[in-house]
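Data first, discussion second: the structure below is written as structure tokens.
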Amino acid sequence: MSVETARQAPSLEDFRAEAEAFLTAAAPRMEAEHRFDFSEEEDRVTLFRGATEAEAERACQWQRTVFDAGFGWITGPPEYGGAGLPGRYERAYQELERRYSVPSRSPLGVSLGMVLPTLQHFGTETAKRRWLRALRRADVVGCQLFSEPGAGSDLASVSTKADRDPATGDWIVTGQKVWTSGAHYSDLGLLLARTSDGERHRNLTAFLVDMHAPGVEVRPLRQMTGGADFNEVFLDGVRVPDENRLGEVDGGWQVAMATLMYERGAIGGSTAGGSGLFRLERIIAWLQDLGRTDDPAVRQAFARVHIGLTAAKAMRARAEAAVKAGTTPGPEMSLSKLALTANLAALSDLVATALGPKLLADTGRRSTFSWAEFVLGVPGMRLGGGTDEIQRDIIAHRVLGLPKEPRTTT
Amino acid sequence: MSAHDVRAALRTEVRRCLDEHVDVRPYLVENGGEARIDKALWGTLTGQMGLAGLLVPEADGGSGAAVADLAVVFEELGAALAPVPMFSTAGLVLPVLRAVEKSEPVRDLLAGIASGSTVATLALHEADGRYSPEATSARAERDGTGWVLSGTKSFVTDAAAADVLVVPARVEAGIGLVAVPAADARTRTASGRSSSVRITTMTSLDLLRPLATVEFDRAPAQVLAGPDVALQLGSGLDIALILLAAEQVGGAQRCLDNAVSYAKNRVQFGRPIGSFQAIKHQLVDLLLEVELARSALTHAVRTADEYLQDPSPATAGALAEGASLARALCSETYTHVADEALHIHGGIGFTWEHDSHLYYRRAKAAQLLFGNPDEHRERLAVAAGL
Ligand SMILES: Cc1cc2nc3c(=O)[nH]c(=O)nc-3n(C[C@H](O)[C@H](O)[C@H](O)COP(=O)(O)OP(=O)(O)OC[C@H]3O[C@@H](n4cnc5c(N)ncnc54)[C@H](O)[C@@H]3O)c2cc1C
């Protein structure tokens with residue numbers, strides 16, 4: 001934060017009052033009678049919201065409104081369009097926003113939570129000036145071009161190639177990416193490509209690719225929920241200027257690792273193991289509305305969800321306290337994604353126990369069959385952002401210090 | 001120093017002492033043998049280190065610390081399976097005393113506990129191993145100027161070591177709290193039917209915390225609080241549950257640490273077994289369970305400290321919710337971790353000489369006494385408003 005903005009920093013109370021005034025003018029309060037309703041605009045409960053262009057557009061518009069009111073990048077550096085305030089202001093705003101019925105910003109999760117911090121950390125000055133503010137205002141949306149048909153968990157084996165054009169210094173990219181969430185409404189792709197035949201982990205480079213450039217083709221992939229959040233992306237001789245390179249040539253693995261760390265933080269951390277997604281009061285109100293609170297099986301399943309969410313939230317608080325106390329955070333952060341998938345499974349069980357046949361076919365009643373999309377989405381959370389197995393490997397090696405398996409790939 | 005640093009220092013100090021002094025083997029109680037405690041260690045932990053007095057207010061001779069501090073101590077005691085009556089004295093009796101009105105006899109008892117001179121336990125459970133105010137059968141009656149207590153309590157921890165037995169009992173129309181000195185009773189054996197307090201050690205699953213049946217027959221007693229303190233007693237017991245959960249977290253962590261270290265060293269098929277994914281993923285799952293249990297404990301400890309600072313129906317409700325939440329999770333975590341950690345040790349883990357079974361026994365015992373996980377989940381649902 002620069003000296004100038006430090007002097008201007010409002011008190012937290014003033015900041016809250018301003019935020020509250022903005023929100024009251026911009027969005028309706030969460031209706032008390034809809035407390036049990038997990039689906040604000042339409043009758044849907046879902047983990048993956050980016051399926052339609054319309055939903056993405058709503059998210060972008062809301063992000064723009066928030067940004068223009070000064071709450072879109074509260075902690076960001078002022079020279080790139082941020083407000084330069086400490087993290088507690090951001091948390092205060094999030095806390096307030098939850099009380100209002102606002103469009104979900106999850107279509108922007110990859111863009112804001114992964115592409116943006118990676119650019120901020122590894123981008124050239126030109127790239128940062130061009131895109132940081134634009135990404136934050138959702139004028140530009142980013143996606144993650146990492147996975148390929150032959151390189152999923154084994155990300156280091158990506159085979160999409162980037163060759164340098166000796167005449168211009170540009171890079172020419174050819175290959176295929178897959179499972180790219182949000183590519184259909186994105187403008188910028190964070191690409192991991194092979195740039196040499198050198199050693200594993202030393203042969204990749206990261207770039208930002210203009211998704212509208214000639215040679216980029218996006219084809220939607222339908223997922224088991226029925227929607228199409230992710231895509232195949234074909235790259236055929238796509239020209240990328242060197243100023244769009246992130247990090248060193250052949251230093252892309254470090255960049256990718258950082259992105260994946262942001263991703264785990266974004267998925268597991270920001271949702272605090274799911275407690276940020278599903279609030280207990282609403283679950284209770286929903287069960288009461290269903291009239292299912294007398295069934296001992298429902299009560300046990302509810303208690304398991306309660307315990308899982310509360311413990312995950314407390315785990316996040318412990319990690320934050322550790323950071324504040326100056327000690328390096330323990331294993332809590334890296335475990336948060338596993339906590340999330342476990343909690344989603346527990347919630348899925350509760351939903352099934354509580355709804356019974358109402359989960360199987362639409363009776364027309366709100367907040368019943370609409371949970372089917374959630375239940376069908378849970379398996380995706382165990383895969384995206386590194387599968388549960390890959391998370392376990394990482395924790396086993398980095399946290400518990402267990403020996404790696406003998407490797408057979410080169 | 002911040003509270004965080006103070007607690008870290010306390011943990012280091014307690015662990016160092018326990019690492020140096022704990023040897024559990026001489027204290028295993030088998031087949032109705034005599035229950036014993038490590039008196040030298042108890043003296044160090046209480047008289048020297050003042051740990052039994054952490055939760056006693058300064059005005060009563062303690063150090064006026066928080067439940068958060070005492071929880072650290074119980075984690076370490078649980079990790080070491082230390083054969084001392086700390087749980088009974090400072091984990092059970094002390095929180096119950098803190099929750100009731102401070103009468104003169106309560107203050108005396110608090111002072112005795114703080115100085116380390118008094119070992120106390122709570123004789124709580126009925127013959128079926130459960131407690132509820134409604135089902136309480138022991139009764140205190142006036143006898144001249146004093147009181148006498150009659151009735152039977154079961155599943156009592158550290159009864160043989162206790163100087164004072166604290167007993168929830170019927171006092172007039174309510175549930176009061178009664179203290180019975182056990183000084184002369186302890187020397188008696190099954191032969192002396194004339195005794196007013198008879199303690200019989202039950203053959204127990206947990207060899208380091210054997211349970212006892214205590215029969216009171218017009219035993220001279222002192223009413224600590226009454227005639228009706230069932231509600232306060234309930235909140236005191238909730239704090240006790242949280243301290244038991246701390247013991248469980250400490251035990252689970254130690255089992256996990258032992259299993260991780262064994263997995264790094266034991267070689268089969270030419271490589272450490274910890275390099276096999278089946279083992280390493282299992283260990284990560286256990287780590288996640290322990291971390292979540294520890295987090296739930298942190299949450300519950302906060303509700304306990306908030307209750308003690310400001311006892312009210314609201315803080316008591318939050319405490320009940322926190323206690324059952326932590327107990328349900330920590331019980332399942334400890335039993336699961338103790339079981340899997342034993343498994344990772346292979347055949348050695350199944351031997352009498354290896355400590356795995358001592359943890360396995362403790363985990364089961366701690367899970368089933370003071371309410372099993374299903375009961376706590378139901379209680380949690382009620383407390384949450386479902
Ligand atoms: C909803 C969703 C959104 C996604 N969004 C994006 C995106 O925006 N951008 C992007 O680049 N990618 C994205 N992905 C891709 C995701 O990162 C990959 O699916 C994931 O890394 C797994 O790769 P894979 O599908 O090739 O499966 P594989 O790697 O082939 O894995 C198949 C199975 O084998 C297991 N396995 C693999 N290796 C090991 C090992 N070493 N030890 C033990 N088990 C192993 C896996 O756990 C899995 O169960 C998304 C995926 C999903 C489901």
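In the text below, chain A, chain B and the rest are named by the order of the sequence lines, each starting its count at 1. All of these numbers come straight from a predicted model, not from anything done at the bench.
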Under 4.5 Å from any heavy atom of chain A, what part of [X] do you find: side chain, backbone, both or neither?
{"X": "Arg294(B)", "answer": "both"}
{"X": "Asp374(B)", "answer": "both"}
{"X": "Gln277(B)", "answer": "both"}

Q. How close do Leu402(A) and Ala263(B) get, heavy atom to heavy atom, and via which atoms?
A. CD2-CB, 4.3 Å
Q. Where do Leu292(B) and Ala339(A) come nearest, in terms of heavy atoms and distance?
A. CD2-CB, 4.4 Å
Tell me whether [X] contacts the main-chain N or O of [Y] through its side chain, where contact means a donor paired with an acceptor under 3.5 Å.
{"X": "Lys280(B)", "Y": "His397(A)", "answer": "no"}
{"X": "Arg318(A)", "Y": "Glu291(B)", "answer": "yes"}
{"X": "Glu378(B)", "Y": "Arg299(A)", "answer": "no"}

Q) After noting the C-alpha distance and the side-chain angles of Ile307(A) and Arg377(B), does the key distance pass the side chain to side chain contact (heavy atoms under 4.5 Å, CB included) rule? A) CA-CA 9 Å; Ile307(A) 293 167; Arg377(B) 276 190 291 269; 3.9 Å; yes
Q. Side chain, backbone, both or neither: which part of Asp294(A) has a non-hydrogen atom closer than 4.5 Å to chain B?
A. neither
Q: Select, from Arg379(B), Arg302(B), His376(B), His299(B), the one with the greatest count of heavy-atom pairs under 4.5 Å involving chain A.
A: His299(B)
Q: Against chain A, work out which of Asp285(B), Leu329(B), Leu297(B) has the most heavy-atom pairs shorter than 4.5 Å and name it.
A: Asp285(B)
**Q.** chain B contacts, top residue of Lys313(A), Glu405(A), Glu389(A), Lys404(A) (heavy-atom pairs, under 4.5 Å)
**A.** Glu405(A)
Check whether any side-chain heavy atom of [X] sits under 4.5 Å from a side-chain heavy atom of [Y], and report yes or no.
{"X": "Arg392(A)", "Y": "Leu288(B)", "answer": "no"}
{"X": "Pro403(A)", "Y": "Arg271(B)", "answer": "no"}
{"X": "Leu338(A)", "Y": "Val284(B)", "answer": "yes"}

Q. Counting only heavy atoms not in His201(A), do more than 12 fall under 6.0 Å of its NE2?
A. yes
